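The next block holds one structure in the form of structure tokens; read it before the comments.
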2 protein chains.
Amino acid sequence: MAALSQKHDVFHAIADPTRRKLLQLLADGEWSVTAISKQFPISRTAVSKHLRILAEAGLVQKRKTGRETRYRLDPNPLCELKQWLSFYEQFWENKLAMLQHYVEIEKHVAEVTDMNKYKKNKQ
Amino acid sequence: MAALSQKHDVFHAIADPTRRKLLQLLADGEWSVTAISKQFPISRTAVSKHLRILAEAGLVQKRKTGRETRYRLDPNPLCELKQWLSFYEQFWENKLAMLQHYVEIEKHVAEVTDMNKYKKNKQ
DNA sequence: ATTTTATGAAACCAAATAGTTTCGTTTTTG
DNA sequence: CAAAAACGAAACTATTTGGTTTCATAAAAT
């Protein structure tokens, strides 16, 4: 269900370093294609194609405003990645003491997950 | 040390669905190339090449025993992925609304850093 | 000693990737 | 209206990818 076998999934989308940089940039807000392109050493068309791939993976959303097309981050598909990762965390959490910081996050997640059992709808 | 810019990084390694299945299989223990190949519809040589890519990314380790080469999971490089992901977790509050508690810290950082350009994208 | 098994290297191939340049369309600006 | 700006589609190219088959080598089994 989460693993819809579309042409461009999240794993593929984030495999490219340029696309990861695009995501990082778009975390900052909404940008037009030209504005984005100025931050990269490749052509506008190349950037545009990367954005299309990110959009197909659901990682960005586009909005037309006049002659501009603006893109913004949509991080939701990264949940699939997180789920995938979570499976492997059991294998490393005992090994790596150096990840103190991120292990802390895990603790939080674990606590929250436990809280699910008696959660009150807060929305 | 984790972020060595080698030819096959973690992001690239896990982009391929076959390689993800390999990792999943190897989570189960140590397997010889032939044993692994029997679980896949592709040739042994193809599996072998995938394993090499995984090994270059540090995600599996190999051990020769007699004429066999056995591979096993090494999840440590996934930490880089986790770190990458952790940056974006602040943005997907819909899915992990319950993490608000923790995310508050991150939001503070984000606001201070990006005060000028911060835009709220409600949907 | 011979054969079988396990494996990687090499050569090859089709398709996908990441990039380019060119061109047409739409919207804004002068 | 005419020119410029913003963009995507299309055609083209070089490289990478994921797969194959073939072959050589080392270890195990007969």
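Just so it is clear, the structure is predicted and the values come from calculations on it, not from any experiment. Basis for what follows: all heavy atoms, side chains included, without hydrogens, waters or symmetry-related copies. First the proteins, then the strands, lettered A, B, ... as listed; each starts at 1.
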Quick check for you: among [options], whose closest atom lies nearest to any side-chain atom of [X]?
X	options	result
I53(A)	dT20(C), dA18(C), dT20(D)	dA18(C)
H8(A)	dG19(C), dT17(C), dA9(D)	dT17(C)
T34(B)	dT7(C), dG19(C), dA18(C)	dT7(C)
R67(B)	dA9(C), dT4(C), dC7(D)	dT4(C)
T45(A)	dG19(C), dA11(C), dA10(D)	dA10(D)
D16(B)	dA10(D), dG18(D), dA6(C)	dG18(D)
V33(B)	dG19(C), dT7(C), dG19(D)	dT7(C)
T69(B)	dT7(C), dT21(C), dC7(D)	dT7(C)

Rounded to whole Å, how long is the line connecting atom [atom1] of [X] with atom [atom2] of [N]?
X	N	atom1	atom2	result
L51(B)	dT7(C)	CG	P	10 Å
L54(B)	dG8(C)	CG	C1'	16 Å
K38(B)	dT7(C)	NZ	C1'	14 Å
R52(B)	dA6(C)	CZ	P	22 Å
I42(B)	dG18(D)	CD1	P	10 Å

Any [X] side-chain N or O less than 4.0 Å from OP1/OP2 of [N]:
X	N	value
R44(B)	dT20(D)	no
H50(B)	dG19(D)	yes
H12(A)	dT17(C)	yes
S48(A)	dC7(D)	no
Y71(A)	dG8(D)	yes

request  = With heavy atoms under 4.0 Å as the rule, sort R70(B) into base, sugar-phosphate or nothing.
outcome  =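 The answer is nothing, as R70(B) stays clear of every strand by at least 4.0 Å.
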
query = Crowded around R52(B) CZ? As in, over 12 foreign heavy atoms under 6.0 Å?
reply =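 No, not enclosed.
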
inquiry  = Checking the side chain of S48(A) only, and the main-chain atoms of R44(A) only, is there a donor and an acceptor separated by less than 3.5 Å?
reply    =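 Side chain of S48(A) to backbone of R44(A): no pair is present.
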
task = Could you tell me whether the side chain of R19(B) and the main chain of A13(B) form a donor-acceptor pair under 3.5 Å?
result =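 Flag set: sc R19(B) to bb A13(B) pair under 3.5 Å.
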
query = DNA chain C: K64(A) or S43(A), which has the more 5' nearest nucleotide?
reply =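 Per heavy-atom nearest nucleotide, the more 5' residue is S43(A).
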
ask   = Closest nucleotide of DNA chain D for K62(A) versus for K49(A): which of these residues is on the 5' side?
value =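 Nearer the 5' end of the strand: K62(A).
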
ask   = Relative to each other, are the rings of H8(B) and H12(B) parallel, tilted or perpendicular (30° and 60° limits)?
value =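 Parallel: the ring planes of H8(B) and H12(B) meet at under 30°.
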
request  = Any chance you could measure L22(A), atom CG, to W31(A), atom CH2, to the nearest 0.5 Å?
outcome  =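 So the gap between those two atoms works out to 11.0 Å.
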
